[in-house]
Protein chains: 4
Amino acid sequence: MDDAIRDAVRALVPEVGYAALTMDAVAAKARVGKAAIYRRHASRGELVFSALVHGREPQPLPDTGTLSGDLTELANVVLAVFSDPVVAAATPGLLADLKQQPDIAARFQETFIAQERKQVTELLDRAVARGELAGPTDPALVHAAVLGTVFARVFLLAEHPDPAIAPRIAAMAATVATAQPPPGNHRNT
Amino acid sequence: MDDAIRDAVRALVPEVGYAALTMDAVAAKARVGKAAIYRRHASRGELVFSALVHGREPQPLPDTGTLSGDLTELANVVLAVFSDPVVAAATPGLLADLKQQPDIAARFQETFIAQERKQVTELLDRAVARGELAGPTDPALVHAAVLGTVFARVFLLAEHPDPAIAPRIAAMAATVATAQPPPGNHRNT
Amino acid sequence: MDDAIRDAVRALVPEVGYAALTMDAVAAKARVGKAAIYRRHASRGELVFSALVHGREPQPLPDTGTLSGDLTELANVVLAVFSDPVVAAATPGLLADLKQQPDIAARFQETFIAQERKQVTELLDRAVARGELAGPTDPALVHAAVLGTVFARVFLLAEHPDPAIAPRIAAMAATVATAQPPPGNHRNT
Amino acid sequence: MDDAIRDAVRALVPEVGYAALTMDAVAAKARVGKAAIYRRHASRGELVFSALVHGREPQPLPDTGTLSGDLTELANVVLAVFSDPVVAAATPGLLADLKQQPDIAARFQETFIAQERKQVTELLDRAVARGELAGPTDPALVHAAVLGTVFARVFLLAEHPDPAIAPRIAAMAATVATAQPPPGNHRNT
DNA sequence: CGGTAATCGAGACGGTACGTCTAGTCTTAAA
DNA sequence: TTTAAGACTAGACGTACCGTCTCGATTACCG
């Protein structure tokens, strides 16, 4: 039952898009009454979000031995997530819905963002332990750099996410991890 | 008339959000018939997009004399755009709608993305002329780095866009412009 | 539900008239969604027609013993129908709509006209059996005479339907039933 | 100009019906601005009414020498009017509109009904002078009988107006003119 | 094992926004 | 001035979808 609903969502999202995904269509596709959906999911956003995250436990990133390698690994995972057609089709609409539903936004933050943030933090801690980084670093910007750059390529710049860019994104993110204060006054050399 | 409609949109978007922005509400607020809106705008997405971009011609980025400075300037512009409450409230929903309306998506690409891309390209050309960069660089990734990192902080990580991070984003973007193969560790000014 | 809709129509028609009877107003008055109305009624004409005819089964005309008496009875029934304020307010607009909707026009013919026609036919048959009429007569003209004369007084000549005219209409209709060629002057009881 | 508008109305009414007759269509067909129509006509009802009555002055009914003949003549005129396809198509809708617009209803009464009523009155006066009638008679019911019977056949009973019925209608109307009080109690012979 | 309770698919419900259409008014530029 | 052209406000149209609710039929659990 739960699976039938999620499968219907996963089948319909790439087919018709997030905006045109009606609850009636999901119910019909899943051969389920609408009440059965609402008994399990509070809203369309929550429904799609549930369908997307279900069974997607975050495999821990391997320790590649270098900061650069770890970041490349992270970039590849992010690229893989956004390459999923269901995720790609659902993300913009889902993001829009989250703005209106703070409770689901919170769950999204906890489930998805916080876990990725934890990975970034561990990755940076390992680099500190190795001596690659001088001291503890704010993981937020590193996280934003990796996640945002991929997101921008896919959704804002409408380019397909070429996996070859992963190491370049990693190098970029390493910079922001390394350089804590901006090196000097950039206005005049 | 055109202005009355756009003003109504700009007033309503931060007030009720993009998803709850109804054509009836816009017409009522603008004291305008719905037909007058549909005569000018093909859809809600196009309407909001028009209201957002109207009068927002891209002032050319100043030549600060260094790649780092130029990129900081770019990051500040992007931060400023996303700090506008109307833009902040409208962007996620607008982005979602664009997925369904290829014609408006194309206009968004041409009007907004292409202009920013041009600025990035010029900025990199200036750096090559100065000798800061060895040779021509793909501007797409630099663009994605600046735009995406800001976007991610605001919309994905739910952090407010602290203007102090502009130079750090610039440094990061400079890396991806410089380094073709990812080096182990690096810094280049 | 069905009743709520019909009651709303019956309340609104005399209040605002047929032309100004909007589906939204009916829905609001009946505290019902518009879809519930459209699920039951194909158009405004059909809706009003249904509201008018509901519960109005044609009580069989009594046999008064004379053609004249039977026709007076018929005239009184027709006068009573057109004296109903709801019928009076709805009839002209309804008649106009029927011209555009042949299916409802057919239903109107079957439900209302055909039943009345049957009464006229029976009434004439009784007169033949009594010997008041020489032979079978076309009931259509008798029908038209009674129905039309009342209709004309109410809707064309804008006079209120004085019940005292019923026997005069009956006498008139009896003439047309009796006289095949128009005689110069006549009276037949 | 005035003629162009009226011609457009007369062309459109039988073509699309009264209900579907839009002011824009009239303006386009007449190659005229809508303002030109509204400068001449207060509403759609008034417009159609004007187009119908224009140039239709009431030729005086001939004195045939008998009441019966005069009434047959009247019935024929009424039949002729309702046989005009434009009149036939416009009448029900026009009648409905008149209910909502008392000023035009009044003009309709004065222009059309009152003139016909005058003819009926004269016709009855001639009959009194001839000695066919004992004394002055209420012309309203005679009028209603002739006009209404034809109207009922055409618009309520959906039968085409066979001209052969004119003398029978006349005979019928003569009855109502003759018999002033109902002959007796019709309930029991 | 038989009775009770929960859950099911189906779909009608009230409500609301949609995008279209028409009425009647108003503006404009040409004649 | 009056014209044709056509944009304007206002508001009803009929459709679609939301999230709730009611209906029997079926299932599953418990006494």
Side-chain angles (χ1 to χ4, degrees), chain A residues 1-2 4-5 16 19-47 97 100, chain B residues 1-2 4-5 16 19-44 46-47, chain C residues 1-2 4-5 8 16 19-44 46-47, chain D residues 1-2 4-5 16 19-47 97 100-101:
Chain A
M1 171 74 59
D2 295 57
I5 294 172
V16 305
L21 181 79
T22 68
M23 300 305 256
D24 290 84
V26 173
K29 185 97 170 189
R31 311 230 37 161
V32 142
K34 275 202 289 178
I37 301 178
Y38 281 105
R39 213 173 290 126
R40 292 167 172 73
H41 304 284
S43 66
R44 190 176 56 153
E46 201 277 335
L47 165 64
D97 272 15
Q100 314 295 327
Chain B
M1 171 73 57
D2 295 56
I5 294 172
V16 304
L21 181 78
T22 68
M23 300 306 252
D24 289 85
V26 173
K29 185 99 170 189
R31 307 233 35 164
V32 142
K34 275 201 287 179
I37 301 179
Y38 281 106
R39 213 174 288 125
R40 290 167 172 72
H41 305 284
S43 66
R44 190 177 57 155
E46 201 276 335
L47 166 63
Chain C
M1 170 75 56
D2 295 56
I5 294 172
V16 304
L21 181 78
T22 68
M23 300 305 251
D24 290 87
V26 173
K29 185 101 172 187
R31 310 232 39 167
V32 142
K34 274 201 288 180
I37 301 179
Y38 283 107
R39 213 173 288 126
R40 291 168 171 71
H41 305 284
S43 65
R44 190 176 56 155
E46 200 276 334
L47 165 64
Chain D
M1 170 75 60
D2 295 55
I5 293 171
V16 304
L21 181 78
T22 67
M23 299 306 256
D24 290 85
V26 173
K29 186 98 170 189
R31 310 230 35 158
V32 142
K34 275 203 288 178
I37 301 178
Y38 281 105
R39 210 172 291 124
R40 290 167 173 74
H41 305 283
S43 65
R44 191 176 57 153
E46 201 277 336
L47 166 64
D97 272 15
Q100 314 295 327
Q101 315 196 8

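We name chains A, B, ... by the order of the sequence lines, and we start the count at 1 in each one.
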On the nucleotide F:dT3, are OP1 or OP2 found under 4.0 Å from the side-chain N or O atoms that D:R40 carries?
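Checking F:dT3 against D:R40, a side-chain N or O does come within under 4.0 Å of OP1 or OP2.
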
Measure the distance from [atom1] on [X] to [atom2] on [N] and round it to the nearest whole Å.
{"X": "C:L21", "N": "F:dC13", "atom1": "CG", "atom2": "C1'", "result": "13 Å"}
{"X": "C:R44", "N": "F:dA12", "atom1": "CZ", "atom2": "C1'", "result": "10 Å"}
{"X": "C:L47", "N": "F:dG14", "atom1": "CG", "atom2": "P", "result": "11 Å"}
{"X": "C:I37", "N": "F:dT15", "atom1": "CD1", "atom2": "P", "result": "13 Å"}
{"X": "D:R39", "N": "F:dT1", "atom1": "CZ", "atom2": "C1'", "result": "9 Å"}
{"X": "B:M1", "N": "E:dC26", "atom1": "CE", "atom2": "P", "result": "14 Å"}

Looking only at side-chain atoms of [X], point me to the closest of [options].
{"X": "D:V32", "options": "F:dA4, E:dG9, E:dA23", "value": "F:dA4"}
{"X": "D:K34", "options": "F:dA4, E:dC18, E:dT25", "value": "E:dT25"}
{"X": "D:D24", "options": "E:dC18, E:dA23, F:dG14", "value": "E:dA23"}
{"X": "A:Y38", "options": "F:dC18, F:dC13, F:dA4", "value": "F:dC18"}

Quick one: on DNA chain E, does A:A36 or D:M23 contact a more 5' nucleotide (nearest heavy atom)?
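Final value for this comparison: A:A36.
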
Nearest-nucleotide 5' precedence on DNA chain F, D:R31 against A:A35
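Upstream on the strand: D:R31.
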
Hey, could you give me the CD/CD1 distance between A:E46 and A:I37, rounded to the nearest 0.5 Å?
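A:E46 CD to A:I37 CD1: 11.5 Å, rounded to 0.5 Å.
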
Nearest 0.5 Å, what's the OG1-NZ distance between B:T22 and B:K29?
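It comes to 11.5 Å.
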
Please check: side-chain N/O of B:R44 versus main-chain N/O of B:A19, any donor-acceptor pairing under 3.5 Å?
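Flag set: sc B:R44 to bb B:A19 pair under 3.5 Å.
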
Restricting to non-hydrogen atoms, name the atom on D:S43 and the atom on D:Q101 that form the minimum distance, rounded to 0.1 Å.
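Scanning both residues completely, I find the closest heavy atoms to be OG-OE1, 2.8 Å.
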
